[in-house]
2 protein chains.
Amino acid sequence: MAQKNKLQFIILGLLNQQPLTGYDLTKAFDTEIGEFWQAQHSQIYPQLKRLEEQGYITHEITISGEKLEKKLYHITAIGQTLLGSWISDGTPDLTATKDEFILKLYFIQTNRDPRLKAMVQEQLQLHTDKLTHLQQRLATVFPTKASQTANYGHYLILQHALGREDYYVNWLNQTLSALPKR
Amino acid sequence: MAQKNKLQFIILGLLNQQPLTGYDLTKAFDTEIGEFWQAQHSQIYPQLKRLEEQGYITHEITISGEKLEKKLYHITAIGQTLLGSWISDGTPDLTATKDEFILKLYFIQTNRDPRLKAMVQEQLQLHTDKLTHLQQRLATVFPTKASQTANYGHYLILQHALGREDYYVNWLNQTLSALPKR
DNA sequence: TTAAAACATGTAATTTATTACACGTTTTAA
DNA sequence: TTAAAACGTGTAATAAATTACATGTTTTAA
């Protein structure tokens, strides 16, 4: 096995909250979960097929408009069991974060490198934007204590992502300040 | 093209510091760079072959002991050019951090979930260990200001990884404390 | 009303990554 | 001295992920 096929569990987890189409699932990776996982529809549709073959999900066909068929997928009982066992299982492997900028940084030998400043500034812009975006999402999605408790895991990971970006931005600022003046 | 083939640049970057064998490169992913990228030898040897075919690296054969042949790879001038352009190019894409624990957390609905506490505690242990490990590495690899300046990029990313783990541990502790008492 | 954007579902080709298979040498410590 | 660990280099099989190809419907806004 080449990896652990986490996509299947993500799909099960999302379907456990509510029935969704392949298209809905695809969109979920642009917002909700996109912070922590990426997947394209070309990966999702075949995975849905496999999950259904294995009995973890089923689908019903609904008609949108005149004739557009939508496949609305539901999780089954054994699907819920599989999801539950994945969550309950330990998670002992900390995957390396594949951060291309950090990778490039590694190959910079000296703090006098003329490229350094622009590189850090670019990332500062990107991560500041992301931080702002996450702050807005947290505020709009979880405005009240009640809303936070209602979907606790989601709240936690958004808050985690926010804190992570906050650290990243601070570190970049600090790194920029520490750069030699000329 | 399926991705950007960053592995080739990592190899070039490492060879730019000093000539290395495939075996040396493989080991680099266990220590140095393993914090930010992973690769197995089965990926590295074919990549070395391709880089050599394209003229970005060359190798010389040295004999270790009686007859063990080692291929010591060197970066070429055009290899250095390629490496330089990769570093100089912008890095506008922030890749999603594929964190399985965070993924699982997303599917936890309520803060009363009985699995939550053990899950957070496990991660706390793992990340605390990692934090300790990084602190020791930073202290041993970069004990002096001079050593930090001598290999600035490496210093920066180690320090970044350390801060990241520190945040993670703090967040986990905070999350654990916020859990309802029973 | 009509064109663009969004909705909706798939497959094919290619690349990247992991695990497994395969073989042999040198060094180190019991 | 001898067995295990580390050194050293490769290929094969498989799985995961990205990009590209392919097609059609419905909604929305100009």
Side-chain angles (χ1 to χ4, degrees), chain A residues 1-11 19-31 33-34 36-54 57 59-73 93-98 100 103, chain B residues 1-11 14-15 19-31 33-34 36-54 57 59-73 93-98 100 103:
Chain A
M1 187 184 350
Q3 245 216 140
K4 258 187 81 179
N5 190 2
K6 284 151 201 166
L7 179 61
Q8 64 179 322
F9 299 118
I10 301 173
I11 291 175
L20 296 168
T21 66
Y23 189 82
D24 295 331
L25 286 163
T26 303
K27 275 192 308 176
F29 288 91
D30 296 332
T31 52
I33 227 165
F36 297 99
W37 209 266
Q38 285 298 139
Q40 280 73 39
H41 77 276
S42 59
Q43 222 185 330
I44 290 166
Y45 287 108
Q47 183 66 68
L48 283 169
K49 207 184 211 174
R50 280 195 297 276
L51 283 168
E52 185 158 40
E53 279 165 10
Q54 296 168 306
I57 61 175
H59 80 267
E60 90 194 85
I61 291 178
T62 64
I63 304 288
S64 185
E66 281 295 295
K67 50 182 165 176
L68 181 61
E69 292 192 349
K70 295 204 289 185
K71 291 185 180 177
L72 199 59
Y73 287 92
D93 301 317
L94 308 181
T95 3
T97 25
K98 301 201 163 183
E100 190 176 1
L103 217 44
Chain B
M1 182 187 351
Q3 244 215 143
K4 259 187 80 177
N5 190 2
K6 283 151 202 164
L7 179 60
Q8 64 180 320
F9 299 117
I10 302 173
I11 291 175
L14 290 168
L15 293 184
L20 295 168
T21 65
Y23 189 82
D24 295 330
L25 287 163
T26 303
K27 275 192 306 175
F29 288 92
D30 296 333
T31 52
I33 225 164
F36 296 98
W37 210 268
Q38 285 298 139
Q40 280 71 41
H41 77 278
S42 59
Q43 222 185 328
I44 291 166
Y45 287 110
Q47 184 66 67
L48 283 169
K49 209 185 212 173
R50 280 195 296 277
L51 282 169
E52 186 159 40
E53 279 164 12
Q54 295 168 308
I57 61 176
H59 80 268
E60 87 193 89
I61 291 178
T62 64
I63 303 288
S64 184
E66 281 296 297
K67 50 181 164 177
L68 181 61
E69 291 193 350
K70 295 204 288 183
K71 291 186 180 177
L72 199 60
Y73 286 91
D93 301 315
L94 308 180
T95 2
T97 25
K98 301 201 162 183
E100 190 175 3
L103 217 45

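Keep in mind that the numbers below use all heavy atoms, side chains included, and drop hydrogens, waters and symmetry copies. Lettering of chains follows the sequences in order, A, B, ..., and the numbering in each one begins at 1.
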Return yes if some donor-acceptor pair links the side-chain N/O of [X] with the main-chain N/O of [Y] below 3.5 Å, else return no.
X       : Y       : answer
A:Thr21 : A:Lys70 : no
B:Thr97 : A:Thr97 : no
A:Glu52 : A:His59 : yes

Any side-chain heavy-atom pair from [X] and [Y] closer than 4.5 angstrom?
X        : Y       : answer
B:Glu100 : A:Leu94 : no
A:Ile11  : A:Leu20 : no
A:Leu48  : A:Leu25 : yes

Which nucleotide in the set [options] lies at the smallest distance from any side-chain heavy atom of [X]?
X       : options                : value
B:Lys71 : D:dT9, D:dA16, C:dT18  : D:dT9
B:Lys27 : D:dC7, D:dA17, C:dA8   : D:dC7
A:Lys70 : C:dT9, C:dA17, D:dG8   : C:dT9
A:Leu68 : D:dT26, D:dA17, C:dG10 : D:dT26

Is the shortest side-chain N/O distance from [X] to OP1 or OP2 of [N] below 4.0 Å?
X       : N      : result
A:Gln40 : D:dA17 : no
B:Tyr45 : D:dT9  : yes
A:Lys49 : C:dT9  : no
B:Tyr23 : D:dC7  : yes
B:Lys4  : C:dT15 : no
B:Ser64 : D:dC7  : no
B:Lys98 : D:dA17 : yes

Rounded to whole Å, please give me the gap between [atom1] in [X] and [atom2] in [N].
X       : N      : atom1 : atom2 : value
B:Asn5  : C:dT14 : CG    : C1'   : 13 Å
B:Asp30 : C:dT18 : CG    : C1'   : 15 Å
A:Leu72 : C:dA8  : CG    : C1'   : 13 Å
A:Ile63 : D:dT27 : CD1   : P     : 13 Å
B:Leu20 : D:dC7  : CG    : P     : 14 Å
A:Lys6  : D:dA15 : NZ    : C1'   : 13 Å
A:His59 : C:dA8  : NE2   : P     : 15 Å
A:Lys67 : C:dT9  : NZ    : P     : 16 Å

*Base partner of C:dA3, which must satisfy Watson-Crick or wobble distances under 3.5 Å*: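 Base partner found: D:dT28.
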_Please compare A:Glu66 and A:Arg50 by the position of their nearest nucleotide in DNA chain D and report the one closer to 5'._
A:Arg50
*What about A:Ser42, does its side chain sit under 3.5 Å from the base of D:dT19 through a donor-acceptor pair?*
yes
*Classify the side chain of A:His41 and the base of C:dG10 as holding, or not holding, a donor-acceptor pair under 3.5 Å.*
yes
